[in-house]
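These notes are about the structure you will find just below.
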Amino acid sequence: MKVRTRFAPSPTGYLHIGGARTALFSWLYAKKMGGDFILRIEDTDRERSTQASVDAIMDGMKWLDLDFDEGPIYQTDRFDRYKEVIQQLLDQGDAYHCYCSKEELETLRDSQWAAKQKPRYDARCFGREDIPEGIEPVVRFRNPQDGTVIFDDQVRGHIEISNNELDDLIIARSDGTPTYNLTVVVDDLDMEITHVIRGDDHINNTPRQINIIRALGKEPPIYAHVPMILGDDGKRLSKRHGAVGVMQYRDDGYLPDAVINYLVRLGWSHGDQEVFSREEMQQLFLLDDVNKSASTFNTEKLQWLNQHYIKEMPVDEVAKHLQWHFDDQDIDVTNGPATTEVIDALKERAKTLKELTASARYFYMDFDAYDEKAEKKQFKEPTVAILQALYDGLSEVNEWDLEPIHAVIVQTCEDLDLKLGKVGPPLRVAVTGTAMSPSLDVTLKLIGKERSLRRINNAIAYLKDKFA
RNA sequence: GUCCCCAUCGUCUAGCGGUUAGGACAUUGCCCUUUCACGGCAGUAACCGGGGUUCAAGUCCCCGUGGGGACGCCA
């Protein structure tokens with residue numbers, strides 16, 4: 001049988017990092033097994049579902065390059081089908097109408113809580129003869145009273161839960177719309193999902209869902225509950241942990257491949273290997289190798305991977321992702337060096353594309369102030385003479401390239417009888433405004449002759465004025 | 001509170017009865033170096049506790065403890 005997995009987010013916000021990993025695992029498993037990956041939008045809660053969220057989720061999937069074979073399928077398009085199943089359950093006697101008010105249920109829960117019991121609906125409407133006037137009832141699934149539900153989770157192993165822990169859950173609201181536990185079951189069955197890979201916050205729902213499936217006379221799919229991702233404080237990842245929306249990682253300068261690689265190693269491993277291409281992941285991913293325990297998100301490791309990908313990916317590939325950041329930081333790259341050259345020059349000193357872009361600024365735009373510390377350290381009174389000598393030497397260079405530029409710098413050192421350490425740093429500050437840049441020949445080459453000379457000149461003027 | 005789940009360096013993890021408990025990120029030191037980085041080398045650092053089972057336990061079982069999750073006319 002062909003493997004079919006799915007990712008089934010509810011559109012109540014952006015695609016967050018935990019959801020992305022669940023999607024990744026489902027996607028990988030389908031790829032690994034030569035199966036299909038389906039995207040389903042669980043939008044039965046019409047109050048909270050929004051089109052904007054659907055778009056955000058799709059954007060996230062697209063950015064991460066997690067493609068799906070079918071979908072997106074919207075549950076709101078399938079209400080007729082759910083109604084049909086609810087009716088079937090009603091007809092079979094596996095479901096019943098419940099007329100309890102929300103207040104009544106709340107009182108029940110409170111009293112059970114007070115009695116230190118697990119809050120459960122007491123099935124008081126089951127078999128009820130009198131039909132109250134003017135109340136639109138909900139429909140409840142009649143959960144089996146005895147026995148246990150057993151399933152073998154592909155990551156958690158054998159799980160067993162007694163039916164008397166479960167209660168008669170609502171499968172249709174009073175307005176007739178179906179609820180989650182019903183719709184997942186119907187959809188997974190109808191779409192012939194073979195492996196349900198989802199967050200382990202659903203582990204408690206699984207027995208209920210299995211009972212519904214059995215009542216429908218079907219066999220449940222295989223389940224794999226993947227552990228949660230926690231924030232630095234050990235709590236479930238949420239907004240207060242900062243960047244949790246996948247697109248925020250793009251904005252912060254991460255490469256999708258780095259995020260994917262980071263995510264795949266959170267809860268899954270293959271020996272000691274840390275770096276995986278998408279092809280390798282698809283080839284090696286096994287549910288058996290997924291961890292049982294929750295893991296903590298660690299931005300530093302993500303950064304390390306991100307830099308790794310910035311360094312290792314083909315430059316023109318990186319350049320595609322980089323353009324967004326140039327636009328974001330209002331840097332016009334049309335009158336400066338090719339971005340691919342800039343990447344080569346800076347990739348070893350940036351952990352993110354955002355940083356890389358920021359430090360590439362002086363290649364394209366003039367700065368209006370020197371870095372305070374750098375200026376203080378490098379711009380002394382004798383610096384004027386050094387810069388002047390460099391200016392003179394550099395203006396003689398015809399072929400503006402690494403070798404000739406380097407030669408001038410070396411020659412200047414000799415002429416002035418100074419060490420490179422006295423000549424290089426001030427030049428760097430003059431030409432970039434900062435104390436940090438790639439090696440000087442590369443820096444000058446990329447800035448360009450005309451622009452370099454002008455900046456040196458400016459620095460000389462600035463210094464003369466300063467020490468006048 | 002009740003039920004479910006989880007537990008190896010600070011973090012991600014390897015380990016599937018016998019290991020000097022391995023790797024990676026981070027961190028520390030050294031080397032390289034015109035800056036910042038990259039890189040190289042070295043180091044610090046872990047089996048939650050208690051009982052069993054066994055010749056032998058990080059590995060299996062039980063009990064604690066700690067953490068997470070679920071307990072909705074949310075998904």
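Any value given below was found using the heavy atoms of this structure, including those in side chains, with hydrogens, waters and symmetry copies removed. So you know, we letter chains A, B, ... as the sequences are listed, proteins then strands, and number each from 1.
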Given the structure, check if the side chain of [X] and the base of [N] hold any donor-acceptor pair shorter than 3.5 Å.
X	N	result
A/Arg349	B/C36	yes
A/Asn205	B/A70	no
A/Glu274	B/G23	yes
A/Asp200	B/G69	no

#### Entry: Pair A/Arg142 + A/Asp94: basic N to acidic O under 4.0 Å
no
What nitrogen or oxygen pairs link the protein and nucleotides 39-44 of chain B at under 3.5 Å?
unit_1 : atom_1 : unit_2   : atom_2 : d
B/G39  : OP1    : A/Lys311 : NZ     : 3.1

Within the structure shown, what part of the strands sits under 4.0 Å from [X] by heavy-atom distance: base, sugar-phosphate, or nothing?
X	value
A/Leu266	sugar-phosphate
A/Asp167	nothing
A/Pro438	base

### Message
Between A/Tyr82 and A/Asp187, is there a side-chain donor-acceptor contact under 3.5 Å, judged purely by atom types and distance?
### Response
yes
### Message
Applying the Watson-Crick and G-U wobble criteria at under 3.5 Å, what pairs with B/A42? Answer none if nothing qualifies.
### Response
B/U28
### Query
Does A/Ser53 use its side chain to pair, donor to acceptor, with the backbone of A/Gly13 at less than 3.5 Å?
yes
### Task
Decide if atom CD of A/Gln51 counts as having more than 12 heavy atoms of other residues, nucleotides or ligands within a radius under 6.0 Å.
yes
### Query
Does A/Arg6 count as lying over the ring of A/Phe37, i.e. NZ or CZ under 6.0 Å from the six-ring centre, within 45 degrees of the axis?
no
